[in-house]
Structures are given as structure tokens and as C-alpha cells.
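Structure first, then comments.
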Amino acid sequence: MDKQIAKAYDHKAVEDKIYKFWLDGGYFRTKADKSKKPYSIVMPPPNVTGKLHMGHALDQTLQDILIRFKRMQGYNTLWVPGVDHAAIATEAKVVAKLKEEGLSKEQLGREGFLKKAFEWKENYGNIITDQIKKLGASCDWSRERFTMDQMCTKAVNEVFVRLYEKGLLYKGERIINWCTKCKTSISDAEVDFNEKAGHFWYIKYPLENSEDYIEIATTRPETLLGDTAIAVNPTDQRYRHLIGKTAILPLMGRSITIVGDDYVEPDFGTGAVKITPAHDPNDFEVGLRHKLPIICVMNEDGTMNENAGVYKGLDRYEARKRIVKDLKALGLIAKVEDIHHNVGTCYRCGETIEPMVSEQWFVKMHDLAQPAIKCVQEGEVRFIPSRFEKIYFNWLYNIKDWCISRQLWWGHRIPAYYCAECGNTMVSGEEVTSCSKCHSTEISQDENTLDTWFSAALWPFSVFGWPDDTEDLEQFYPTDTLVTGYDIIFFWVVRMIFSGLEHTGQIPFKNVLIHGLVRDAQGRKMSKSLGNGIDPIEIIEEYGADALRFTLATGNSPGNDLRFSEEKLMASRNFANKIFNAARFIHMKADSFSVNPDLPENLQIEDKWILSKLNKVTQEVTGNIDKFELGLAAQKIYDFIWDDFCDWYIELAKIRLAQDKQSKVADATRSMLIFVLQQILKLLHPFMPFITEEIWQTFPHTTALIIAKYPEHEQKFADFAEESEKFEMIIKAIKAIRNKRAEMNAPMSKKIKMYIETEHPEIFASTSIFIERLSNSSPIELVQSGARLPDDVITIVTTDAKVFIPSAELLDKEEERTKLQKAYGHVQKEYDLAESKLANANFLNKAPSSVVEKVKQTRDDMKKKLENLSMEIDKLK
RNA sequence: GGACGUUUAGCUCAGUUGGUAGAGCAUUCGCUUGACGUGCGAAGGGUCAGCGGUUCGAGUCCGUUAACGUCCACCA
């Protein structure tokens with residue numbers, strides 16, 4: 001630190017250097033060590049080809065605060081970093097890149113494509129980890145994992161095999177969500193419902209052997225081609241007689257039956273529903289109940305297939321237009337309504353989802369969900385804030401089977417093998433080369449890959465080498481805290497919990513700290529399409545990682561969204577600068593002064609005051625962090641540093657040092673400055689690691705700050721409470737004098753004369769130098785009640801003292817009297833309130849005695865003040 | 001349709017087991033103070049969304065209403 005020249009903190013000169021220092025020192029690396037209590041966090045893995053956004057920055061900051069705090073408390077801390085292969089997202093990016101080169105997936109073939117994808121991963125995979133480092137994340141990079149590395153893949157295969165053998169996995173034809181753009185199935189959780197404008201077409205289906213029609217309404221006329229029934233509610237008088245009858249499917253001429261089913265709501269639409277089991281989840285269920293044929297009329301790319309008759313080959317929307325036109329021509333369109341309805345879209349690409357019957361792999365969820373519900377109900381896993389438990393339960397109570405197969409190449413290939421000879425299905429973690437039944441070698445592996453979240457669900461234990469019985473697993477699993485946003489509770493948190501319980505028999509983590517979204521200054525969600533995203537790296541460049549971290553950690557509470565603003569960032573940067581300058585000052589005054597690790601014996605009252613405050617803030621901050629109230633903790637440290645330490649203690653120390661540089665008192669003050677600064681650096685380190693470590697190292701030290709012991713509550717400091725309170729009287733007096741001076745337009749540059757009347761003359765006498773300097777007064781005179789004073793004095797009344805300032809020339813009696821009367825009114829109100837409480841027998845009986853004592857104290861104080869004030873008001877008459 | 005969140009100073013937000021409200025920014029006034037103007041000293045500004053209840057006491061707990069927002073389900 002160039003303490004002679006630099007007046008402002010330069011984060012650019014510090015952050016990379018300090019990060020390298022930590023890395024070189026191996027402070028992030030952890031060994032399993034049974035003699036120490038473990039504390040572990042597994043990082044939610046960002047997408048391997050992604051870029052750091054503010055959401056990550058928040059997430060990582062919170063984790064790093066917890067890890068650094070626990071590390072300093074002496075825990076054996078481990079923070080495991082890693083990245084996710086992000087199946088759809090990455091595959092889509094690679095496909096887009098290939099397209100630029102005039103290539104397609106299909107042209108390259110599976111192996112060729114995967115080669116390209118791995119190249120892509122190698123090129124871009126480090127970007128995000130480098131960015132995480134910029135934030136100061138103290139994770140153990142020697143344990144960095146990738147969801148598709150060998151270790152994780154082993155876990156994925158093991159889990160697949162176990163679930164299969166347990167009968168919890170099945171392959172079957174079910175209705176799934178199909179994205180025609182990504183050309184893959186996606187799970188229910190991956191469908192976003194967006195309101196879109198559409199139409200409601202009322203279509204007449206002729207009844208067989210009749211002139212009559214039955215009218216249905218649909219938003220997707222093209223699915224008509226796959227209709228295999230019409231359903232009505234069995235209680236519906238209008239249609240009851242038609243149940244069991246047959247209608248003719250328009251355009252196709254097929255006979256379809258009319259069935260009765262409770263699913264149909266008589267009041268909606270026409271009360272009759274076309275049933276397309278292959279293209280609607282509800283219809284699929286109806287189809288199962290009535291054993292209806294399933295006719296799929298669409299291809300994977302959203303064009304109509306051979307079952308679509310003359311519409312074959314047309315895109316689904318083109319087919320829709322043609323079908324409507326043709327129906328119109330036949331006079332079968334009764335009416336068309338404009339409507340707004342919710343349309344399922346792909347969460348990745350935004351394309352309208354096509355529900356479609358398809359053969360896929362599913363995880364049976366019911367049995368897996370039960371222990372996951374229980375462990376949260378019983379408090380084994382705790383959500384912070386707890387309201388998210390409700391959302392968690394709601395999802396699990398209504399859970400449906402999880403479609404885990406994806407028609408992608410980038411991901412874990414499903415370890416299922418099929419025999420071409422006998423059709424046998426074999427599931428194995430090892431490659432299968434011959435059939436276990438017929439010994440044929442005509443074996444092919446399933447072409448599909450697994451949902452990204454399938455591997456992510458195993459993350460908390462796969463990173464430790466599960467299913468092997470590793471030291472890491474034993475020491476660090478279950479992990480302590482998972483930190484993540486509320487947006488992926490369903491995708492991820494739920495699945496990790498049931499997976500952990502099922503496969504390891506243990507919960508994956510004890511606490512789930514949920515944070516909100518980072519929004520822009522207008523409160524909008526940051527998104528690529530809006531272009532309102534703020535790049536954390538640019539912010540770090542301009543303001544520093546410490547400032548960014550502090551901004552993200554303060555002024556919000558768990559689970560709530562936070563608005564990102566430049567103003568807050570500036571305030572955080574200014575805070576860093578404030579600390580830097582405090583340290584610079586201490587270097588100037590106490591450099592080469594070796595601090596005695598034991599505090600000096602001759603502590604002054606102001607020393608005891610700051611130690612008492614420090615002790616209190618230490619205790620509170622530790623409690624707050626333990627309760628995940630990181631924002632509160634940061635705020636308290638901020639206030640202590642800025643207000644108590646910088647604005648008061650350092651100012652007091654200046655006066656002490658100026659008194660007599662050689663004295664023992666001055667030596668003690670120098671010790672104190674260094675001691676308190678060091679405690680401050682420790683307290684703040686988890687929040688602002690770079691600047692604190694940097695300053696720490698400019699003072700004599702035995703260890704790096706990152707592993708220094710976090711301050712603890714000290715009884716010897718707590719014992720200073722009484723004296724500390726006495727010193728508060730002096731602070732109050734100084735504040736009151738300054739206040740009055742400002743009011744009276746008596747600038748601080750003008751020296752004034754003061755007399756003080758108090759019941760605590762010894763305190764005021766011993767600290768008179770502070771009062772004189774900090775309110776620019778000539779030596780104060782302590783006077784007794786009733787002492788003779790100059791005629792025209794302004795009086796300042798505090799609880800503990802009356803301060804008289806002779807300043808006839810400044811005094812406007814009338815104005816002064818008005819002010820005093822106003823003050824009297826305020827005090828009177830406070831007094832009355834206290835009095836009324838004390839007159840209330842219920843209060844006296846029921847309120848805790850400490851509260852009663854406090855109120856009594858207030859009443860007495862206010863009474864004294866009132867007396868003083870009224871005397872002064874009288875004098876002014 | 002169901003659930004949840006928010007509503008506190010001009011703005012953005014804190015408020016830890018209930019003990020008559022705080023910060024940052026903004027505004028106004030005063031400071032060329034030997035760490036820092038990215039600073040120092042001060043001031044103004046709030047019936048804590050409305051109503052009702054529990055309590056000696058409610059921003060804090062319960063009920064209800066309103067506005068805004070989010071999530072889940074989903075109507076063919």
C-alpha cells in the first residue's frame with residue numbers, strides 16, 4: 001500500500017494481487033480433517049458456456065461470506081466449485097455456431113458433434129470460473145467439478161441403474177412436452193405458460209346417421225386430425241343421450257365415439273370436447289379411461305405426418321389455416337372467437353410447446369417424494385426464509401412423474417442397451433456388448449441423453465466421489481448450506497433433496513438459503529431480451545469487487561428481490577475508501593508501533609467506550625450471520641466502522657495524541673487504534689475480503705487475515721459497559737453543543753466560551769479536552785447549580801448536563817424562547833408517555849422488569865430535562 | 001382457480017424474540033478541520049397502505065380490504 005501518496009483506495013492495484021496471494025498460500029484448499037468441525041457448501045454450478053450475471057454474483061457473494069466467516073471461526077471449510085453442462089442451452093449454442101459454418105448436427109453425426117461440443121466447452125468453459133475468481137470467491141479450485149466429468153458421470157450411471165433395478169424408472173409412451181425447435185422432450189417444470197392471443201374455433205361434428213351436429217370448441221384445430229372421441233359430461237342433460245353414439249370426424253371421415261367423462265366441464269365452451277389423446281395431456285387421460293386409440297398426427301419438427309391425410313408435410317400452423325379454411329368451405333365452422341389464453345412455451349427457446357405422445361424414460365415420483373416432504377416437515381432441512389417451504393410442499397404434493405430422457409446429444413447418454421435379436425433391455429453402468437438373454441452381440445445403446453437436472457440432482461454428493469466411499473464424502477456430506485435463488489426450487493432443490501435421501505440415505509444439506517432476483521434500477525427483471533442486464537465484471541472494474549459484494553449483501557433480506565442501483569454501489573465504494581483512509585491515518589500516527597497483543601493497562605474512558613461498542617457489535621454480527629441475516633450484519637459493521645470508529649474514536653484519538661505524543665496514554669492510544677482496526681478488518685473480511693486483507697498485511701501480523709480468528713464476545717470488554725455509558729454523556733453533550741451552534745449560526749471556526757453544570761463533574765472534567773476540541777470552545781468551566789453566570793447565555797440542556805454559552809450578540813431572545821418551548825413540548829410528550837405507562841398497573845405487573853426500569857429511567861431523565869428547560873425559558877422572559 | 005410476497009422519509013430499502021421508527025441517496029445550512037470532499041458537522045422530512053382484533057403496549061402477532069408483483073394449476 002502506497003500510504004504516502006494515494007489518498008483514495010485503488011481496488012485495481014489490489015484485488016488480483018490479493019487473490020493470487022490467497023491461491024498461492026493454498027488458503028482455499030481443504031483436506032478432510034476429523035479433528036476439526038466441517039462446514040461445507042457446494043456451489044450451484046453455472047452453465048459451462050455461460051457468462052457471469054448479477055444473479056450469480058449475488059449467489060456467490062452470499063456463499064463466500066458464509067464460507068469465509070466459518071473459515072475464520074476455525075471450521076474445516078470446503079466450498080466446492082463447478083460448472084454444469086447445461087444440456088439444451090449448450091447444445092443450442094453449438095448448433096447455432098455450426099449453422100454459421102454451414103454445418104448441421106446430423107451432418108456431423110453424434111461423435112463429430114460431441115467433439116465440436118467439447119471443443120466449445122474447452123474454449124468457453126473457463127470464462128465463468130475466471131469471473132467467479134474476480135468476485136473473490138474462496139472456493140477450493142482443486143476440487144472443481146463438471147457435471148459431465150468422469151466422477152459425476154459415474155454417479156449418474158449408478159443412480160440410473162439403481163432406480164431402474166428398484167423399479168423407479170420406466171420407459172413408456174406418455175404424453176410429454178415437445179419442443180419443435182429444440183427437437184426434444186422437456187419436463188413439466190421446463191414449460192413456461194405465457195398468455196397469448198389466439199382463437200376459439202367452434203366446429204360442428206356431424207352425428208352418424210343423423211342430420212344433427214355436435215359442436216365443440218378448440219384452440220388448435222389441427223389436432224382435430226388426431227381426434228379419436230368426443231367427450232361430454234355424463235350429467236349434462238344436453239348431451240346425455242348422445243353418449244355411446246358415433247360422430248363423424250370432419251375432413252377425415254373417421255367414426256369417433258361420444259363418451260361421458262367427468263373431466264368435461266359443462267359450463268365451459270360448448271360442453272363437448274374433442275378428444276385427441278396423442279396431443280393433449282387431459283385428452284390422453286380420457287383416452288386411457290375409455291381405451292381410445294392414440295393417433296399422433298405430427299412429426300418432431302412440428303410438421304404434419306402421414307396420419308394427417310392431405311395435410312401431411314405442412315407445418316402445424318399452415319395446417320391449422322388450411323383446416324379452418326376447409327372446414328369453413330364445408331360449413332362446419334359455427335363461429336370464431338378471439339381469446340387470450342395461456343400457451344405453454346419452451347423455457348429455453350420460447351417456442352410453443354406441442355404436447356405429444358412419445359416413448360420416453362420417466363422417474364416414478366410418488367415414493368421418492370414422501371421422504372423429501374418429511375425431512376422438511378421435521379425440520380431436518382430448513383428453508384430460509386421458511387415461507388419457501390410451502391412452495392416446496394405444494395410442488396411435492398402434486399408431483400407427477402419426471403420425464404428424464406432428452407433427444408439431445410450433449411449430456412449423459414442413457415445407460416440402457418437394447419438387443420436387436422430378442423428386444424431385451426439392459427441397464428448398466430458398464431458398456432453392454434452382448435445380450436444377457438440371447439447372447440446376441442447386436443446391441444445398441446439408447447440414443448437419448450438425460451435431463452440436465454438429473455445430474456444436477458446428484459451434485460451435492462457426486463462432487464465428493466459418491467458412490468465411492470470417499471474421505472470427502474464422509475467429512476463434508478451432508479453439506480451445511482445450499483445458497484440459491486427461488487426460481488430453481490422446483491428444478492433443482494427438490495430434486496437434490498429426494499435424490500440425496502434416496503441414494504445416500506441422508507439429506508444433502510441442512511439449510512437452504514434462498515435469495516431473490518437482482519432487478520435493474522427500474523425494478524425490471526434483468527434479461528437478455530430487454531438488454532438491461534448489468535455485467536458484474538464491468539462493475540468490478542469500475543467500483544471493485546468489495547463494493548459490489550457489499551452492495552449485494554446489504555439492504556435486502558433473504559428471499560426478497562433486490563434492486564440494483566449505482567448509488568448504492570457508490571456508497572459501498574466510498575465505504576471501502578473510508579476504511580482505507582482510516583488505515584492510512586493509523587499508519588501515519590502509529591506506524592512502526594508494535595501493538596501489544598494484550599491491551600494496554602491504562603485504558604482511558606474513551607478506549608473503554610469503543611471496546612464496549614466493539615464487543616457489542618461483534619456479538620450481534622456473529623449472531624446475525626449465524627441466523628443468515630447477512631444484510632443486518634453488514635449494516636452493523638458499517639455503522640460501527642463509520643460512525644463509532646472513524647467519526648468518534650479516531651477524532652478522540654487525534655486529541656489524545658496531540659496532547660502529549662510521548663506519554664503512556666498516547667502509547668496506549670496508538671495500541672488501541674491498531675487493535676480496533678484489526679478487529680474491524682476481521683469483522684468485515686467475509687464481506688469485503690480484498691481491502692481488508694490488503695490493509696491487514698500492512699500492519700504486523702502473524703497469519704493472513706483470511707485465516708485469522710474471527711472476533712468473539714469478550715467478557716473483559718463487556719465489563720466496560722458502565723464506563724461506556726458514562727462516556728455517552730460526553731458524546732451527547734458534544735452533539736447537543738454542535739447542534740445548537742449550527743442552529744445559532746455560530747460557525748465552528750468561531751471559538752466560544754462555555755460553562756457546564758452537571759451531576760457528573762468528574763467525568764466532564766476528565767474529558768473536557770474532548771468537549772473543547774470537538775465543539776471548539778475555550779477551556780470549559782464546570783459550575784455549580786445557581787452559580788453566577790454572565791447575563792446573556794444560551795442554554796443547552798441534555799439529560800446529564802446544562803451547557804451555558806455566553807453570546808449576547810448572537811442571541812435572539814424571542815427566537816431562543818420559541819425553540820426552547822418547542823423542545824419542551826417534545827420532552828413533555830415523552831414524559832407523559834412514560835408517566836402514563838407507569839401509572840398503568842397492568843404495565844407494571846405484566847411488562848418485564850427491565851422494560852419497566854427503562855421507562856422509569858426515561859421518566860426521570862425527562863423530568864430533569866423539563867425542569868432545566870422551564871428554568872431556562874423563565875430566564876428568557 | 002390456489003398460494004405467496006410487497007406496501008415504512010422525496011427515491012431505494014433495513015427494521016433480528018412485540019417495548020412509540022433507521023440507513024444510503026436526494027434536499028437545506030455550515031465547514032480550505034494535518035486520514036478521507038469518495039470527506040466533516042448539522043437540519044428538515046414518516047398518523048409504518050386502510051379498517052378491525054389480540055395485548056399493559058403492535059411497523060412487528062391475528063383477521064379483513066385495496067393496490068402492485070410473483071409462483072403454481074390451467075378451460076378443451
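First the proteins, then the strands, lettered A, B, ... as listed; each starts at 1. Model, not experiment: these values are computed from the prediction.
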Dot-bracket for RNA chain B, please. Rules: Watson-Crick or G-U, both distances under 3.5 Å, ( ) within the strand, [ ] when a pair crosses earlier ones, | for another strand, . otherwise.
(((((((..((((.....[..)))).(((((.......))))).....(((((..]....))))))))))))....

Would you indicate which nucleotide in [options] comes nearest to any side-chain atom of [X]?
X	options	result
A:Arg738	B:C74, B:A42, B:A35	B:A42
A:Lys854	B:G19, B:C36, B:C75	B:G19
A:Asn560	B:C40, B:C4, B:A14	B:A14
A:Lys390	B:U70, B:U16, B:A3	B:A3
A:Tyr638	B:U16, B:C75, B:G24	B:G24
A:Thr218	B:A76, B:A35, B:A73	B:A76
A:Phe200	B:C75, B:A35, B:C74	B:C75
A:Trp642	B:G39, B:C72, B:C74	B:G39
A:Asp647	B:C40, B:G15, B:A76	B:C40
A:Asn577	B:C75, B:C36, B:C71	B:C36

For RNA chain B, which residues in residues 563-576 of chain A have a heavy atom at a distance below 4.0 Å?
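Within this stretch, A:Arg563, A:Glu567, A:Ala571, A:Arg573, A:Asn574 sit under 4.0 Å of the strand.
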
Is there a donor and acceptor pair, one atom on the side chain of A:Asn394 and one on the base of B:C72, closer than 3.5 Å?
no

Please determine whether a side-chain nitrogen or oxygen atom of A:His279 lies at a distance below 4.0 Å from atom OP1 or OP2 of B:A76.
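Answer is no, no contact under 4.0 Å.
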
Classify the side-chain pair [X]/[Y] by whether it contains a donor and acceptor separated by less than 3.5 Å.
X	Y	result
A:Asp261	A:His290	yes
A:Lys636	A:Asn624	yes
A:Asp561	A:Tyr486	yes

Starting at the 5' end of RNA chain B, which residue's closest nucleotide do you reach first, A:Ala742 or A:Glu651?
A:Glu651

Only one of A:Lys274, A:Arg320, A:His199 clears side chain to side chain contact (heavy atoms under 4.5 Å, CB included) with A:Pro221; which?
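When side chain to side chain contact (heavy atoms under 4.5 Å, CB included) is applied between A:Pro221 and each of A:Lys274, A:Arg320, A:His199, only A:Arg320 qualifies.
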
